[in-house]
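The structure appears right after this line, and notes come after that.
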Amino acid sequence: MSFSTRYLQDLTDKATDAAVECMCRGTEGDIYQLASAGWDPSLLPLSHLRNLKLAFVGGVIHVAERPNELDGTNSVCGVAVWYPPGRGSVLTPDVIAEIFTELASRLSPDEAKWWRDEFLNGYGALLRSSHGEDENHNNQWHLHTIVADKGQDRSEIIKALLQPLFDSRGDHVVCVEVEKRDNMSFYTDMGFKYAGEYSFSSVHGSFSLCAMTLKGE
């Protein structure tokens with residue numbers, strides 16, 4: 001079945017909810033995503049929506065859609081989210097805190113403390129150690145999310161979603177973080193190199209997040 005790609009512009013886009021559903025399907029079983037939602041599976045949609053809200057402020061959301069021949073609508077079958085160089089000057093701590101507030105308020109006190117002190121601080125430490133200390137990230141693109149529904153054309157969807165990023169990167173580095181080591185080969189095949197790792201621990205278990213980078217052209 002054919003698909004097309006386009007950019008989402010804001011939260012009023014009718015495909016936003018469908019993009020969240022696609023992100024939930026595409027990250028099922030991902031421990032990092034569960035941790036980012038405070039270990040509460042019911043909050044995964046809110047966590048993904050939070051990430052889209054951040055991208056509407058300072059990033060890019062590129063979706064793939066399939067036509068529904070029965071009613072003429074489109075269904076989202078893939079989502080890519082990335083941030084251009086200089087995102088730190090737009091996504092200020094105040095902006096991020098405002099978007100994170102709703103999710104944080106839904107967590108128990110213990111989970112909120114872990115999410116703030118261990119998860120967010122650990123993620124920041126990984127970014128600094130692997131991608132550099134530049135607080136505005138002026139020299140790098142950050143690929144935050146890439147998901148696509150399973151199917152014969154999954155690789156084609158992912159390639160189509162990421163092509164604008166690769167076409168635009170120029171001599172800037174592209175950074176990504178990967179939780180599942182099985183997924184590292186996917187990025188290695190595109191030229192990414194291992195750049196560092198951070199281990200998280202909690203009462204729910206431990207997991208590691210690996211950073212990878214792709215050098216500019």
Rounded to the nearest 0.5 Å, how far apart are [atom1] of [X] and [atom2] of [Y]?
X    : Y    : atom1 : atom2 : value
H172 : N139 : NE2   : CG    : 6.5 Å
S130 : R128 : OG    : CZ    : 10.5 Å
S75  : D149 : OG    : CG    : 8.0 Å
S36  : N51  : OG    : CG    : 6.5 Å

Report yes if the side chains of [X] and [Y] come closer than 4.5 Å at any heavy-atom pair, otherwise no.
X    : Y    : answer
R66  : S2   : no
M212 : T188 : yes
I61  : Y7   : no
W39  : V203 : no
H144 : W82  : no
K53  : L11  : yes
C210 : Y194 : yes
I146 : I158 : yes

Distance-minimising heavy-atom pair for [X] and [Y]:
X    : Y    : answer
T213 : A195 : CG2-CB, 3.9 Å
K215 : V173 : CA-CG2, 4.4 Å
S202 : W114 : CB-NE1, 3.3 Å
W141 : P84  : CE3-CA, 3.5 Å
A55  : V81  : CB-CG1, 3.6 Å
V174 : F192 : O-CE2, 3.5 Å

For this session: Show your reasoning for whether side-chain contact (heavy atoms from CB on, under 4.5 Å) applies to T5 and V63.
Result: CA-CA 5 Å; T5 63; V63 299; over 6 Å; no

Scan the side chains in residues 99-108 for donor-acceptor partners under 3.5 Å anywhere in the protein, sequence neighbours excluded, and list what turns up.
| unit_1 | atom_1 | unit_2 | atom_2 | d |
| --- | --- | --- | --- | --- |
| T101 | OG1 | A97 | O | 2.7 |
| S105 | OG | T101 | O | 3.4 |
| S105 | OG | E102 | O | 2.7 |
| S108 | OG | E111 | N | 3.2 |

For the pair [X] (side chain) and [Y] (backbone), establish whether a donor and an acceptor sit closer than 3.5 Å, ignoring hydrogens and angles.
X    : Y    : result
Y83  : V60  : no
S47  : L44  : no
W115 : A37  : no
R154 : A148 : yes

Problem set entry | H131 and H142 aromatic ring geometry - parallel, tilted or perpendicular at 30°/60° bounds |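 Correct class here is tilted.
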
I'd like a table of donor-acceptor pairs (distance under 3.5 Å, sequence neighbours excluded) in which one partner is a side-chain atom from residues 12-23, with atom names and distances.
| unit_1 | atom_1 | unit_2 | atom_2 | d |
| --- | --- | --- | --- | --- |
| T12 | OG1 | D10 | OD1 | 2.3 |
| D13 | OD1 | R6 | NH2 | 3.0 |
| D13 | OD1 | A15 | N | 2.8 |
| D13 | OD2 | R6 | NH1 | 2.8 |
| T16 | OG1 | D13 | O | 3.0 |

Exercise. Would you say the side chains of S208 and S199 form a donor-acceptor pair under 3.5 Å?
Worked result: yes

Exercise. Please walk me through it: do E65 and F3 pass side-chain contact (heavy atoms from CB on, under 4.5 Å)?
Worked result: CA-CA 5 Å; E65 297 176 312; F3 66 89; over 6 Å; no

For this session: Could you walk me through whether I157 and C77 pass the side-chain contact (heavy atoms from CB on, under 4.5 Å) test, one step at a time?
Result: CA-CA 8 Å; I157 293 173; C77 58; 3.8 Å; yes

Side chains of residues 118-127: which donor-acceptor pairs under 3.5 Å do they make with residues two or more places apart or in other chains?
| unit_1 | atom_1 | unit_2 | atom_2 | d |
| --- | --- | --- | --- | --- |
| N121 | ND2 | D117 | O | 3.0 |
| Y123 | OH | E177 | OE1 | 2.8 |

For this session: Test side-chain contact (heavy atoms from CB on, under 4.5 Å) on E197 and L209 and set out the steps.
Result: CA-CA 6 Å; E197 190 169 346; L209 197 62; over 6 Å; no

For this session: Could you walk me through whether H48 and T145 pass the side chain to side chain donor-acceptor pair (under 3.5 Å) test, one step at a time?
Result: CA-CA 10 Å; H48 289 310; T145 302; over 6 Å; no

Problem set entry | Pairs where residues 199-211 contributes a residue and the test salt bridge (Lys or Arg N to Asp or Glu O under 4.0 Å) is met, not counting sequence neighbours |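 Qualifying pairs: none.
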
Problem set entry | Residues forming a salt bridge (charged side-chain N to carboxylate O under 4.0 Å, His left out) with E156, sequence neighbours excluded | none

What side-chain donor-acceptor pairs closer than 3.5 Å can you find for residues 159-170, not counting sequence neighbours?
| unit_1 | atom_1 | unit_2 | atom_2 | d |
| --- | --- | --- | --- | --- |
| Q163 | NE2 | D167 | OD1 | 2.9 |
| S168 | OG | P164 | O | 2.8 |

